Amino acid sequence: MAEDKTKETAAETTPEQKAETAAQEPEKEKKADKPEKKKSKKDKSAEKVKELEKALADEKDKRMRLAAEYDNYRKRTSNEKLGIYDDATAKAVEELLPVADSLTMAMQNMADAPEEFKKGIELVANQLKTSLEKLKVEAFCEVGDDFDPNLHNAVAKIESDDFEENKISAVYQKGYKLGDKIVRHAMVQVANCD
C-alpha cells in the first residue's frame, strides 16, 4: 500500500515540480559538501582598510571644504574693509571739495592780484592737489570731453558750431572720483544735445 501511495504521488506531480525538486537536490548536496566558510582575516582586514580609506577621504573632503570656505571668508572681509575705507575716504574728500572749488575760482580771478598773493594761492592749490592724488582721488571733466550722464550732471545746453554733438562746452564744477567710485559728478554745459 505504501508503494501505491508513492506511485500515486509520483503520478500526481507535474513535470515542472519534478524539475524544481531535481534542481534543489544538487544544491542541498553542494551545501552539505561545502560548509559555509567564515571570512578570513585577510578579507576582514581588506574591508577594514576600505572603510578607513573612505573615512579618510571624507575627512580630507571636509577639511578642503573648510579651507575653501575660510579663504572665501578672508577675501570677502578684505574686500569689505577696502570698501569701508573707500567710502570713508570719499566722504572726507567730499567735505574738502568746496575748498578745492574756491581755490580754483581764486586762481581764475586773480589777474589783478599781487604776485606774492598769486604764488601763495597756487602753492595751497598744489598742496591740495597732491593730497588728493595721495588718496587716489582724481579730478575729471574738461571742455571738449564727451558727455556721459554717469559722470556728468548737465545743468545747461547750448547750440554751437564750435563743438560737436554731445560735447562738454563749459565746466562749472569739476568732478572727482576715487577709483571707480564717483565722489562728485561734474557740473557741465553740453553742446548740441537732443
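Keep in mind it's a predicted model, so treat the numbers as computed, not measured.
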Salt-bridge test for [X] and [Y]: reply yes if a basic N is under 4.0 Å from a carboxylate O, no otherwise.
X    : Y    : value
D58  : K62  : no
D61  : R65  : yes
D145 : K167 : no
D101 : R184 : yes

What I'd like to find out is whether the side chain of [X] reaches to under 4.5 Å of the side chain of [Y], using heavy atoms alone.
X    : Y    : value
M110 : E122 : yes
L66  : Y70  : no
V155 : Y172 : yes
I182 : F140 : yes
D71  : R74  : yes
N166 : V190 : yes
V188 : N153 : no

Distance-minimising heavy-atom pair for V143 and V171: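 In this case the closest contact between V143 and V171 is N-CG2, 3.9 Å.
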Under the salt bridge (charged side-chain N to carboxylate O under 4.0 Å, His left out) criterion, do D87 and K181 qualify, and how do the steps go? CA-CA 9 Å; D87 289 344; K181 182 179 180 68; 3.3 Å; yes
Side-chain ([X]) to main-chain ([Y]) donor-acceptor, under 3.5 angstrom:
X    : Y    : value
S160 : A191 : no
H185 : G175 : no
K174 : C141 : yes

Do V99 and Y176 sit in one hydrophobic cluster, given that two such residues count as connected whenever their side-chain heavy atoms are within less than 4.5 Å of each other, even indirectly?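 Yes, because V99 and Y176 connect within a single hydrophobic cluster, where side-chain heavy atoms sit under 4.5 Å apart.
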Using side chain to side chain contact (heavy atoms under 4.5 Å, CB included), reason through I168 and F163 one step at a time and then give a plain yes or no. CA-CA 8 Å; I168 295 173; F163 295 98; over 6 Å; no
